[in-house]
Amino acid sequence: MEKNIVRTRYAPSPTGFMHIGNLRTALYEYLISKSLGGKFILRIEDTDKCRYVEGAQDVIYSTLKKVGLIHDEGPDIGGDFGPYIQSQRKDIYLKYAMKLIEEGKAYYCFCDKERLENLKKSEDSLEYGGYDRHCRGLDKSFVDSMLKSNKPYVIRQKMPIDGSTKFIDEVYGEITVENKELQDQILIKADGFPTYNFANVVDDYLMGITHIVRGCEYLSSTPKYNLLYEAFGWKIPKYIHLPLIMGKNEDGSLSKLSKRHGSVSFEDLVNDGYLPQAIVNYIAMLGWCPNDNREIFSLEDLIKNFSIDRINKSPSVFDYDKLSWFNQEYIKAKSDDDLLQLFTPYIKKSISSSNIDYLKIVKTIRNRVTKLSEIPDMIDFIQLLPEYKIDLFINKKSKTNLENSLFVLKKVKERLLKLDIWNHESIHDLLIDMAKEMKLKNGTLMWPVRIAVSGKLVTPGGAVEILDILGKDESINRIDFGINKLENEGDR
RNA sequence: GGCCCGGUGGUCAAACGGUUAAGACAUCGCCCUUUCACGGCGGUAACACGGGUUCGAUUCCCGUCCGGGUCACCA
């Protein structure tokens, strides 16, 4: 192994979806290692067989790939410290647990669930952090006989009874926890699998992880980890705890971001029409900021600028408005061609006619889209003129009413009919000229036309863009329809 | 409840003993305009509270309050 190289790891459990908080942790792990020229390792923590989810690992791989967090070692690509899936490392943990038993630092515990339950209910369960250390002093011959008769057991670590454990966190500083708060933690579960805490420590050590980056919900349990490192005589890595990402509850209170806060997985957000890069950029700014006012960062820029000492301590609230703003910025930065690619599937949801030029649509909506999912509703009128009320024609600012709208529409129809070249420029010039000729405000002429061809009060793009997209025949038809509508319904 | 962490506008977030306390999002107003947007300009809005330390505290210390996290054979 290369000396002194920074190694961070992302160690998700395969739950089947990528929680945004986890993604943020992965991002920071990646940034810390890459900004320091280190390696980023992926390890799957699947020690809870009850939670096994089919295909969950693929979600992890595909998400990391989509956002560009490329790992240097992992289950799919191997590495010198594999296997990288904990269920395939089961024997390793047992071996290390046994070592602790031999050294008198851990012990077999035969307490069953029922006893533990009762213990929790009792008053003095607060002592020793919840477990009364019933099996800590068991007679060796008794243990042997229990083992021989195949009694189920767990292996627990002996925690110090008094004193305190302190450690330095790179963002929170020195933290001290009284040892009596810590119960004799379980290392190996009755099913033979290691607990998360134990597997985590063993693997981090074996895989040479130098910086442990995780959410600060682990802050108060970190001493447990350290006591394990100490029991083995291993060097304690650097700790970097990240401030939590919070979600706003319906009653206005805050809590750790979770499903009840809406779309909180990466997939949800992508399905909602947010771009992966925008998501990454946004979550990077949740808990970290550069020393200037910059907000837009590519992953490469983040690597260049990231520094641990600018990680924030206080929790932050996930804000969809701000995410939308980032998303818009990323959309605006793209070329028309890129957007055509990106928008096409969403355009197709509303438009089936084959004679519509998608690129024209892209050009007119590109500055109005905040998330891709709103595209279909934005342009549905292009496919089919919706029903509308004639008072849409009345607009104070544009100085339009039913009468002049009808008049304008008739005139415009006449002239449009004679227009041979149908494109944005020719339509634009014609209408502007007409307004001048008729001594009307541009708006007075444009408004009725836009309403007639869209049937909507608010549209992406104005009359000219819509006429251009619709084409001559359809445009004339819709204007005709508007004329009839005004003539039939206008008097009343 | 014990323990741990946090507390700058509605949200994100600068400042690291002396500033008229930045900026961004949101919001409001105006301008631009062919609706809505985009863009431009401007406004409202914050150092949780009380004690210290100091010539001077948003900044350092203590307490209070508030918020969150954690106390599993889940990770």
Side-chain angles (χ1 to χ4, degrees), chain A residues 11-15 22 45-48 50-51 109 111-113 116 120 125-126 129-131 152-156 169 172-173 175-178 180-183 185-197 199-200 215-223 241 243-244 246 248 253-256 282 285-295 310 312-326 328 332 364-370 378 392 395 397-398 428 431-432 435 441-447 449-451 454 456-466:
Chain A
S13 59
T15 57
N22 290 138
E45 308 218 330
D46 58 346
T47 54
D48 184 4
C50 305
R51 285 219 220 165
C109 168
C111 294
D112 55 25
K113 288 247 163 72
L116 261 18
K120 261 182 218 164
S125 75
L126 277 348
Y131 176 62
Y153 64 86
V154 300
I155 297 177
R156 311 183 91 114
D169 179 84
Y172 288 93
I175 289 168
T176 308
V177 173
E178 297 297 316
K180 64 169 190 261
E181 302 288 329
L182 279 17
Q183 73 164 31
Q185 62 179 330
I186 293 176
L187 272 21
I188 301 292
K189 299 185 273 191
D191 63 6
F193 277 91
T195 55
Y196 162 79
N197 292 342
N200 205 261
C216 79
E217 65 264 35
Y218 293 102
L219 212 43
S220 49
S221 60
T222 299
H241 285 92
L244 257 18
M246 316 293 283
K248 195 168 272 171
S253 63
L254 298 174
S255 54
K256 200 162 80 172
Y282 174 59
M285 308 311 281
L286 246 30
W288 176 87
C289 78
N291 54 16
D292 54 21
N293 283 333
R294 178 134 82 118
E295 295 198 275
R310 291 194 70 85
N312 228 58
K313 285 191 181 77
S314 46
S316 49
V317 178
F318 191 87
D319 181 12
Y320 292 91
D321 283 333
K322 187 81 189 223
L323 207 212
S324 293
W325 177 78
F326 273 101
Q328 243 181 108
K332 278 191 276 191
T364 99
I365 67 175
R366 58 169 301 147
N367 278 345
R368 297 157 219 264
V369 175
T370 59
M378 196 178 266
L392 286 191
N395 181 267
K397 206 178 131 213
S398 297
H428 175 266
L431 294 183
I432 295 294
K441 271 181 71 166
N442 287 342
T444 313
L445 185 123
M446 297 289 189
W447 183 278
V449 177
R450 191 179 61 83
I451 297 300
S454 71
K456 287 172 95 170
L457 189 59
V458 173
T459 54
V464 177
E465 286 79 16
I466 299 172

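Within every chain, numbering begins at 1; the chains are lettered A, B, ... in the order of the sequence lines, protein sequences first and strands thereafter.
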Quick one: closest heavy-atom pair of A:P223 and A:L182, and the distance?
CB-CD2, 4.1 Å

Anything under 3.5 Å between a protein N or O and an N or O of nucleotides 43-45 of chain B, put it in a table, one pair a line.
none

Using a heavy-atom cut-off of 4.0 Å across all strands, would you classify A:S398 as base, sugar-phosphate, or nothing?
nothing

Tabulate atom names and distances for all N/O pairs under 3.5 angstrom spanning the protein and nucleotides 14-17 of chain B.
{"unit_1": "B:A14", "atom_1": "OP1", "unit_2": "A:N312", "atom_2": "OD1", "d": "3.3"}
{"unit_1": "B:A14", "atom_1": "OP2", "unit_2": "A:N312", "atom_2": "OD1", "d": "3.2"}

Using heavy-atom distances to pick each residue's nearest nucleotide on RNA chain B, tell me which of A:P12 and A:I432 is more 5'.
A:I432

Does a side-chain N or O from A:T47 land closer than 4.0 Å to OP1 or OP2 of B:A75, or not?
yes

Go through the N and O atoms of the side chain of A:R450 and the base of B:U34, and report whether any donor-acceptor pair is under 3.5 Å.
no

Quote, to the nearest angstrom, the P distance that separates B:A26 from B:G39.
9 Å

Can you tell me how far apart CH2 (A:W325) and OH (A:Y282) are? Round to the nearest 0.5 Å.
11.5 Å

Nearest heavy-atom approach of A:L431 to A:L445 is O-CD2, 3.5 Å

Show me the protein contacts with nucleotides 36-42 of chain B, counting only N or O atoms at under 3.5 Å.
{"unit_1": "B:C36", "atom_1": "O2", "unit_2": "A:R368", "atom_2": "NH1", "d": "2.8"}
{"unit_1": "B:C36", "atom_1": "N3", "unit_2": "A:R368", "atom_2": "NH1", "d": "2.1"}
{"unit_1": "B:C36", "atom_1": "N4", "unit_2": "A:R368", "atom_2": "NH1", "d": "3.3"}
{"unit_1": "B:A37", "atom_1": "O2'", "unit_2": "A:N367", "atom_2": "O", "d": "3.2"}
{"unit_1": "B:C38", "atom_1": "O3'", "unit_2": "A:K332", "atom_2": "NZ", "d": "3.2"}
{"unit_1": "B:G39", "atom_1": "OP1", "unit_2": "A:K332", "atom_2": "NZ", "d": "3.0"}

Using a 4.5 Å cut-off on heavy atoms from C-beta on, say whether the side chain of A:F318 contacts that of A:M246.
no

C1' gap between B:G1 and B:U58, integer Å:
33 Å

On a whole-Å scale, what distance lies between the P atoms belonging to B:C41 and B:A24?
10 Å

Kindly write out the residues that satisfy salt bridge (charged side-chain N to carboxylate O under 4.0 Å, His left out) with A:K248, not counting sequence neighbours, or none if the list is empty.
none

Taking only residues two or more places apart in sequence, or in another chain, which ones meet A:S314 in a side-chain contact (heavy atoms from CB on, under 4.5 Å)?
A:N312

Can you find an N or O donor on one side and an acceptor on the other, under 3.5 Å apart, linking the side chain of A:Y218 with the base of B:A75?
yes

Can you pull every protein N or O that's under 3.5 Å from an N or O on nucleotides 65-68 of chain B?
{"unit_1": "B:G68", "atom_1": "OP1", "unit_2": "A:L254", "atom_2": "O", "d": "3.0"}

Result for 5'-nearest mapping on RNA chain B, choosing between A:H428 and A:V154, is A:H428

I'd like the P distance from B:U59 over to B:U53, given in whole Å.
15 Å

Within the structure shown, what part of the strands sits under 4.0 Å from A:L116 by heavy-atom distance: base, sugar-phosphate, or nothing?
base

Pull out every stem in RNA chain B, meaning runs of 3 or more consecutive Watson-Crick or G-U wobble pairs with both distances under 3.5 Å.
B:1-7 with B:65-71, B:10-12 with B:23-25, B:27-31 with B:39-43, B:48-52 with B:60-64

Partners of A:K313 by salt bridge (charged side-chain N to carboxylate O under 4.0 Å, His left out), sequence neighbours excluded?
none

Counting only distance, no hydrogens or angles, is the base of B:A24 paired donor-acceptor with the side chain of A:K322 under 3.5 Å?
yes

Partners of A:T364 by side-chain contact (heavy atoms from CB on, under 4.5 Å), sequence neighbours excluded?
A:E465, A:I469

5' to 3', nucleotides 57-63 of chain B under a 4.0 Å protein heavy-atom cut-off (B base, S sugar-phosphate only, - none) gives -------

Under the rule for side-chain contact (heavy atoms from CB on, under 4.5 Å), what residues qualify as partners of A:N367, not counting sequence neighbours?
A:K332

Contacts of A:N293 that satisfy side-chain contact (heavy atoms from CB on, under 4.5 Å) - sequence neighbours left out
none

Classify the nucleic acid contact of A:V317 as base, sugar-phosphate or nothing, counting any heavy atom under 4.0 Å across all strands shown.
sugar-phosphate

Applying a 4.0 Å non-hydrogen cut-off, can you work out what A:S324 is touching in the nucleic acid: base, sugar-phosphate, or nothing?
nothing

